[in-house]
Every structure is written in structure tokens, then in C-alpha cells.
Amino acid sequence: MLGGTFRLLLLLLLLLLLPLRPPGTQGHSGAASSGQEDEEPAAWPGVQRLKEQLRTVGTLSKRYWGLFSCTVWPDHCQDQEAPAPPLGWSLPLQWGRRSLDRLTEWFCRFQDCCTGGGDCRISNNLTGLESDLRVRLHGQHLASELVLRAVRGYLEKPQGDKALALSFHGWSGTGKNFVARMLAENLYRDGLRSDCVKMFISTFHFPHPKYADKYKEELRCQMQETRRRCHQTMFIFDEAEKLHPVLLELLGPHLELRVPETQGVEPPRAIFLFLSNLGGSVINKEVLGLLKAGWSREEITIQHLETLLQAEITVSTDSSFGSSRLVKENLIDFFVPFLPLEYRHVRLCVRDAFLSQDLLYTEEALDEIAKMMTYVPEEEQLFSSQGCKSISQRINLFLP
Ligand SMILES: *[C@@H]1O[C@H](CO)[C@@H](O)[C@H](O)[C@H]1NC(C)=O
């Protein structure tokens with residue numbers, strides 16, 4: 001709300017700087033706009049429409065401001081009670097109301113008050129997601145395919161009867177966070193900053209086991225509030241292997257099947273992402289074995305890894321995640337393996353980092369930076385131990 005108020009104030013400040021039309025022309029413009037009231041606003045050419053709206057705002061008197069703020073923030077209405085307007089005011093006031101509707105509609109394109117059909121905070125751009133996964137994510141053909149299939153299936157299903165839960169596994173720097181961010185950016189207008197998206201990092205948000213009960217209450221509140229505000233939410237748990245059992249227990253009911261709701265009411269959707277390095281070593285070992293046996297990386301299928309990965313997660317004793325209800329009762333829909341990255345993938349990450357900072361690069365520079373990473377195992381030197389982590393910082397070091 002505060003951010004919205006600030007944005008609106010900025011907008012009004014901007015408009016105050018615009019020259020106002022002389023008073024004599026206002027009546028005319030008012031009549032003209034009343035005449036066009038029934039027209040479809042979308043039929044107006046964009047620029048003319050904007051001009052009209054700017055003019056409208058320019059003539060906002062204190063009273064119009066009151067009406068406007070009343071429309072946008074109904075809670076603040078009481079103190080806006082103004083005396084009945086003098087006789088001559090009724091026409092401009094009526095005109096003001098109409099313009100006000102149009103202004104509110106325009107204002108709401110940037111705000112959360114969108115109504116009528118869709119919620120403008122939710123973009124669900126599957127084309128964008130597909131293209132991001134294909135172009136910006138390197139060396140993860142399995143994760144790319146699985147994530148797209150799972151999310152598309154979930155969003156295209158008319159009745160979301162359960163939350164979608166994906167668990168990402170792999171070494172650090174392999175792209176788990178990157179994919180989580182891609183999902184947020186393509187499914188929500190404001191990405192990770194969206195009202196509908198919440199990200200929790202275990203060591204940051206829930207650092208002390210002794211406060212687990214307090215964290216549980218906070219998490220419960222935050223999830224409830226987010227789900228109240230949005231009919232499609234996304235919750236990301238980074239370092240899921242470090243989540244306290246008390247918190248894991250709280251999540252169980254959120255992932256479960258819901259009792260069917262009232263007919264005709266669209267049930268809310270929720271996407272849960274769990275990011276962890278659990279099973280990372282098993283994935284790496286299996287991939288190394290397959291590569292040494294002559295398979296090409298792209299020939300590796302989910303069947304090669306699925307069973308091994310699940311078994312490893314279930315038996316891992318240093319984390320509560322594997323023994324939680326989420327895993328035991330099959331509440332996780334997909335376990336998504338992130339493969340260890342090779343030299344050529346790191347090189348692509350370096351190139352992307354240069355491009356994203358609008359910097360020129362040479363092939364030698366790409367090689368030089370990619371060679372700065374440590375490659376394991378000692379004998380084969382095949383996989384980057386840090387994946388593509390902190391590549392952009394390395395670029396800064398490399399710059400003159
Ligand atoms: C979806 O994303 C693509 C690629 O980022 C973009 O070109 C397109 O305009 C987006 N579509 C919508 C409806 O936002």
C-alpha cells in the first residue's frame with residue numbers, strides 16, 4: 001500500500017508539472033469526453049487517450065482528489081466527506097466522476113486493483129518460461145523439460161485440486177535458484193517481488209532451531225496472508241535440507257489434496273519449490289559413470305536418475321526433509337535433478353554474464369574465466385565444483 005501511495009504521489013507530482021488547460025476549454029473537453037463515454041476505450045489511439053487522461057488529472061480539484069482516493073482506497077473515505085457542491089458544480093462533478101472512472105481504470109493498470117477477468121499480477125507466460133529455460137539455462141536438459149512439463153500441466157488443468165510441489169536437487173551453482181527466479185518472473189508480473197510470491201532461505205529466515213515454534217507461527221501467518229491476497233501463489237524454500245521438522249510439518253497440509261470447493265468458484269493454485277543440495281553427489285556420481293561409459297550428456301534420461309535420487313533423499317540422515325511427510329506421503333510431485341556443469345556450460349554462463357552487463361568479450365576471456373573454476377573429480381576434471389556460481393564477480397575481477 002505504501003509503495004502504491006508513493007507511486008501515485010510521484011505520478012501526481014509529474015502531472016502538476018504539466019501545463020493546465022485554460023478554464024474556458026475544460027467544459028468543452030468535458031462535454032466531449034461525456035459524449036464518448038459509451039465508446040470502447042480500447043478503440044482510442046493510445047497517445048490521444050493518454051493525453052486525455054493527463055488533462056483529466058490536471059483538472060483534479062481537491063474534491064476530485066477526494067473522490068479518487070475514495071475509489072482507490074475505500075478505507076480512507078470517512079474524512080473525505082465534503083459539503084454538497086454549490087449548484088453550478090453539479091455538471092463538472094458528474095463529468096469528474098466519469099473521468100474518474102477512466103482515471104481509476106488507467107491507474108489500476110499499474111496497481112493491484114485489477115478486476116474483471118484476470119488478476120494483472122499473474123502473467124503465467126509459458127512461452128516466456130519455455131524460451132528462458134531453453135536459452136538462458138545451460139546444461140540442464142532434464143530440469144528444463146521436467147519443470148516446463150510440470151508447470152504447464154498444472155496451470156492448464158482447469159481444476160487445480162492440489163498444490164504443485166517441485167523439489168530441485170543438485171550441487172550449488174547448477175541453476176536451482178536461477179530456475180526458481182525464471183518461474184517467478186514468467187508467472188508473475190513483479191517476479192520475486194510479487195505479492196503472490198514468497199521466498200524463504202532456511203539459514204536466513206529460520207536460523208535458530210530453538211525458535212522453531214516462533215518461525216512456524218510467522219510462516220503460517222505469511223502463507224495464510226499470501227494465499228488470501230492471491231489466488232495463485234508461489235512459495236520457494238531455499239536450503240530446504242535445513243528446514244526444521246516443525247516447519248516441514250506445517251507445510252504438509254498445504255500440499256495435500258483439497259476437499260472439492262463450491263462449484264463454479266475457481267480453486268486457488270499454489271506452487272511450492274524446494275531447493276536443496278540433497279542427492280547432489282548421487283546425481284554427479286551417476287552422470288560421471290554414464291559419461292565414462294560412453295553416453296552423451298543429452299542421452300541421459302530421468303529414468304537414469306529418478307530412483308537413485310529418491311532413494312538417496314529418503315535415506316539421508318543429516319536432513320529432516322527426506323523423512324518428512326512431504327517425501328514419505330508422496331506430496332512432492334517431481335524430484336528434479338540438476339546435473340553437474342561442465343567446462344562448456346561454465347563458458348556459456350561467462351558469456352551470458354558479459355552480455356547482461358553490456359560488456360564486450362573475447363573468446364580468450366571466456367576461456368580464461370571458465371578456467372578459474374575448480375573442476376572435479378581430481379582425475380577427470382570434468383565438473384565445475386561451483387557450477388556457474390559467482391561468475392559475474394569473477395568478471396569484475398577480470399575487467400581492467
Ligand atoms: C512472454 O514472454 C516473452 C519472452 O520473454 C515475451 O516476448 C512476451 O511478450 C511475453 N508475453 C506476454 C503475454 O507477456
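In each ligand, atom 1 is the first atom listed, and ligand 1 is the first ligand listed.
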Quick one: side chains of residues 136-145, donor-acceptor pairs under 3.5 Å with protein atoms, not counting sequence neighbours, listed by atom name and distance.
unit_1: Arg136; atom_1: NH1; unit_2: Asp132; atom_2: OD2; d: 3.2
unit_1: His138; atom_1: NE2; unit_2: Asp352; atom_2: OD2; d: 2.6
unit_1: Gln140; atom_1: OE1; unit_2: Leu339; atom_2: N; d: 2.7
unit_1: Gln140; atom_1: NE2; unit_2: Thr174; atom_2: O; d: 3.0
unit_1: Gln140; atom_1: NE2; unit_2: Leu339; atom_2: O; d: 2.8
unit_1: His141; atom_1: NE2; unit_2: Arg297; atom_2: O; d: 3.4
unit_1: His141; atom_1: NE2; unit_2: Ile300; atom_2: O; d: 2.9

Quiz prompt | Lys/Arg N to Asp/Glu carboxylate O, Glu225 vs Lys198, below 4.0 Å | solution = no

Self-check item: Glu217/Arg220 ion pair, N-O < 4.0 Å
Solution: yes

Exercise. Please list, by chain and number, the protein residues whose heavy atoms come under 4.0 Å of ligand 1.
Key: Asn125, Gly128

Exercise. Please identify each residue that fulfils side-chain contact (heavy atoms from CB on, under 4.5 Å) with Leu366, with sequence neighbours left out.
Key: Arg347, Val350, Arg351, Phe354, Tyr361, Glu363

Quiz item: Excluding sequence neighbours, so at least two apart, what forms side-chain contact (heavy atoms from CB on, under 4.5 Å) with Glu156?
Solution: Leu126, Arg152

Quiz item: Got Lys176 and Leu273 here, is their nearest side-chain heavy-atom distance under 4.5 Å?
Solution: no

